[in-house]
Trainee: 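Here's a structure for you.
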Amino acid sequence: MKVRHPPVPPRPGPGLHDSVSLALLEMIAEHRPSFPEIPEIALRAGQDEEAVRAVFDSVQDILDTLAEQGLMKLFDVSLRTVTQAPPDDPIAQFRALGTAYLNWAIENPAQFRLLQHSKLVDLEANENLARYIRAMHDTMLRLLSNAQDAGQIERSTNIHSILVSGRCLLFGLARMAIDGNMTAWHPGLNPADAAHQAFSDYMDSMAAAGNNLTGSLKPQRVEA
């Protein structure tokens with residue numbers, strides 16, 4: 001027998017689209033044993049089930065919408081952050097992008113977890129989502145290529161490997177900060193500051209290697 005939920009008054013504040021998205025994010029964060037269906041999501045959102053179905057064809061449709069919202073926010077934050085870095089310093093711009101990613105992930109943990117959950121959202125199969133991923137990937141790769149041209153990274157270095165290791169580092173730091181596992185590595189710092197410190201140390205080591213390379217390329221002064 002189908003259980004009929006009592007009517008729920010509309011949730012004040014955001015409209016149907018935003019309230020449904022917010023409700024699903026809340027339910028994902030609760031780590032439920034089973035994934036919620038539209039009736040449960042509508043109930044949590046304080047919206048009529050039929051009204052929700054008129055906007056969203058399925059729960060997957062809501063998930064894809066959430067993923068796109070998260071990527072749009074990440075893309076916007078990243079662009080605004082990188083434009084504040086020196087325009088002639090690609091390593092500084094790369095650092096800015098990494099910092100923006102950490103800020104976004106720590107401030108939006110539910111969206112971060114959703115985007116890393118391949119069973120919930122297929123970022124590559126959905127063209128609306130894949131274009132954001134490609135744009136971020138191409139931007140970071142271009143910055144590393146520019147850093148090679150500027151002598152900040154050794155010419156023989158595989159920049160694709162640097163990009164992969166950098167993305168793995170950022171993902172790991174964000175996950176550890178969100179889960180509260182960073183303070184053991186940086187006592188006295190809160191999780192967010194500890195993650196930023198670790199990433200800063202990584203970038204400082206990259207910059208130091210670049211400075212040593214640049215110095216070795218300078219013409220040596222010959223004493224008369």
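No hydrogens, no waters, no symmetry mates; every other heavy atom, side chains included, goes into these values. Given the structure is predicted, the values throughout are model-derived calculations rather than measurements.
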Trainee: Does Q84 use its side chain to pair, donor to acceptor, with the backbone of T81 at less than 3.5 Å?
Mentor: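 Not a single qualifying donor-acceptor pair exists.
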Trainee: Can you check whether P191 reaches I178 side chain to side chain, under 4.5 Å on heavy atoms?
Mentor: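 No, their side chains stay 4.5 Å or more apart.
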Trainee: Test F171 against F112 for ring pair (Phe, Tyr, Trp, His ring centres under 6.0 Å), laying out the working first.
Mentor: CA-CA 9 Å; F171 169 75; F112 167 78; 5.6 Å; yes
Trainee: Counting N and O atoms only, with roles assigned by atom type, does the side chain of D193 sit under 3.5 Å from a partner on the main chain of L189, one being a donor and the other an acceptor?
Mentor: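 Here the side-chain-to-backbone pair does not exist.
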Trainee: In this structure, would L169 and L144 fall into the same cluster of hydrophobic residues linked by side-chain contacts under 4.5 Å?
Mentor: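 Yes: a chain of side-chain contacts under 4.5 Å links L169 to L144.
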Trainee: Which atom pair, heavy atoms only, marks the closest approach of L120 to L63?
Mentor: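 Reported closest heavy-atom pair: O-CD1, 3.7 Å.
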Trainee: Please check: side-chain N/O of R167 versus main-chain N/O of V164, any donor-acceptor pairing under 3.5 Å?
Mentor: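 Between the backbone of V164 and the side chain of R167 there is no qualifying donor-acceptor contact (under 3.5 Å).
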Trainee: Are any non-hydrogen side-chain atoms of Q47 and S19 less than 4.5 angstrom apart?
Mentor: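 The answer is yes; the side chains approach within 4.5 Å.
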Trainee: Could you check whether any side-chain N or O of E68 sits under 3.5 Å from a backbone N or O of L129, counting only pairs where one atom can act as donor and the other as acceptor?
Mentor: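 Not a single qualifying donor-acceptor pair exists.
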Trainee: Please report the closest heavy-atom contact between A135 and T139, naming both atoms and the distance.
Mentor: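 Where A135 meets T139 most closely, the heavy atoms are O-OG1, 2.8 Å.
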Trainee: Quick one: CG on L97 to CG on L79, what's the gap to the nearest 0.5 Å?
Mentor: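 So the gap between those two atoms works out to 8.0 Å.
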Trainee: Contact between R113 and I28 at the side-chain level, heavy atoms closer than 4.5 Å - yes or no?
Mentor: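 With C-beta onward as the side chain, the pair stays apart.
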Trainee: Quick check against the 3.5 Å criterion: does S21 have a side-chain atom that pairs as donor or acceptor with the backbone of H17?
Mentor: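 Here the side-chain-to-backbone pair exists.
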Trainee: Can you find a pair of side-chain heavy atoms, one from Q116 and one from Q111, that are under 4.5 Å apart?
Mentor: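 Answer no - side chains too far apart.
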Trainee: Say whether, by atom type as modelled, one donor and one acceptor occur between the side chain of S200 and the main chain of H196 under 3.5 angstrom.
Mentor: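 No; judged by distance alone, with no hydrogens or angles, the pair does not exist.
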Trainee: Can D204 and R95 be counted as an ion pair, charged N to O under 4.0 angstrom?
Mentor: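 So D204 pairs with R95 through a salt bridge.
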Trainee: Find the distance between CG (L143) and CG (D138) and round it off to the nearest 0.5 Å.
Mentor: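 Rounded to the nearest 0.5 Å, the CG-CG separation comes out at 11.0 Å.
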Trainee: Looking at N146, is its backbone amide N or carbonyl O close enough to the side chain of Q152 to form a donor-acceptor pair, meaning the two atoms are under 3.5 Å apart?
Mentor: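 Looks like no, no N/O pair under 3.5 Å.
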Trainee: With a 4.5 Å heavy-atom cut-off, do V59 and P36 have their side chains touching?
Mentor: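 No, too far: nothing below the 4.5 Å cut-off.
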Trainee: Where do V52 and A42 come nearest, in terms of heavy atoms and distance?
Mentor: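 Minimum heavy-atom separation between V52 and A42: CG2-CB, 3.8 Å.
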Trainee: Quick one: CD1 on I106 to CE on M182, what's the gap to the nearest 0.5 Å?
Mentor: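 Reported value, rounded in 0.5 Å steps: 9.0 Å.
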Trainee: Can you measure from CD (E107) to CG (L74) and round to the nearest 0.5 angstrom?
Mentor: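 If I round to the nearest 0.5 Å, the distance is 11.5 Å.
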Trainee: Rounded to the nearest 0.5 Å, how far does CG of L25 lie from CG of L114?
Mentor: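 L114 CG to L25 CG: 7.0 Å, rounded to 0.5 Å.
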Trainee: Looking at L43, is its backbone amide N or carbonyl O close enough to the side chain of E49 to form a donor-acceptor pair, meaning the two atoms are under 3.5 Å apart?
Mentor: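 Side chain of E49 to backbone of L43: no pair is present.
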Trainee: Answer yes or no: is there a donor N or O on one side and an acceptor on the other, between the side chain of N126 and the main chain of D122, under 3.5 Å?
Mentor: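 No, N126 side chain to D122 backbone: no donor-acceptor pair under 3.5 Å.
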Trainee: Indicate the atoms forming the closest heavy-atom contact of V121 with A67, along with that distance.
Mentor: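 Distance-wise, the nearest heavy atoms are CG1-CB, 3.8 Å.
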Trainee: Rounded to the nearest 0.5 Å, what separates atom CZ in F35 from atom CD1 in I41?
Mentor: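 CD1 of I41 is found 6.5 Å from CZ of F35.
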Trainee: I'd like to know if the side chain of T157 reaches the main chain of I153, judged simply by a donor and an acceptor atom lying under 3.5 Å from each other, with no hydrogens or angles considered.
Mentor: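 Checking the backbone N and O of I153 against the side chain of T157, no donor-acceptor pair under 3.5 Å is found.
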Trainee: Could you see if M140 belongs to whatever hydrophobic cluster contains Y132? Use Ile, Leu, Val, Met, Phe, Trp, Tyr and a side-chain cutoff under 4.5 Å.
Mentor: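 Yes, M140 connects to Y132 through the hydrophobic network.
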Trainee: Whether the S58 and Q60 side chains hold a donor-acceptor pair (N or O, under 3.5 Å, no angle test) is what I'd like checked.
Mentor: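 Distance-only check fails for S58 and Q60.
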Trainee: Would you say M136 and L102 are hydrophobically clustered, going by side-chain heavy atoms of ILVMFWY under 4.5 Å?
Mentor: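 They do share one cluster, since a chain of ILVMFWY contacts under 4.5 Å joins M136 to L102.
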Trainee: Mind listing the closest non-hydrogen atom pair of S78 and A100 along with its distance?
Mentor: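 Scanning both residues, the minimum pair turns out to be CA-CB, 3.9 Å.
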Trainee: Go through the side-chain N and O atoms of D201 and Q197 and say whether any donor and acceptor fall under 3.5 Å apart.
Mentor: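 Per modelled atom types, D201 and Q197 side chains form a pair under 3.5 Å.
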Trainee: One pair to check against side chain to side chain contact (heavy atoms under 4.5 Å, CB included): V55 and L16. What are the steps and the verdict?
Mentor: CA-CA 9 Å; V55 176; L16 184 146; 3.7 Å; yes
Trainee: Do L123 and V77 share a hydrophobic cluster (ILVMFWY, side-chain heavy atoms under 4.5 Å, transitive)?
Mentor: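 No, it is not one cluster - the side chains of L123 and V77 are not joined through contacts under 4.5 Å.
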Trainee: Does the distance from a Lys or Arg side-chain N to an Asp or Glu carboxylate O, for R134 and E124, drop under 4.0 Å?
Mentor: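 Salt bridge: no.
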Trainee: To check you understand the geometry: which heavy-atom pair defines the closest contact between Y202 and S165, and what is its length?
Mentor: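 Shortest heavy-atom separation between Y202 and S165 comes out as OH-OG, 3.6 Å.
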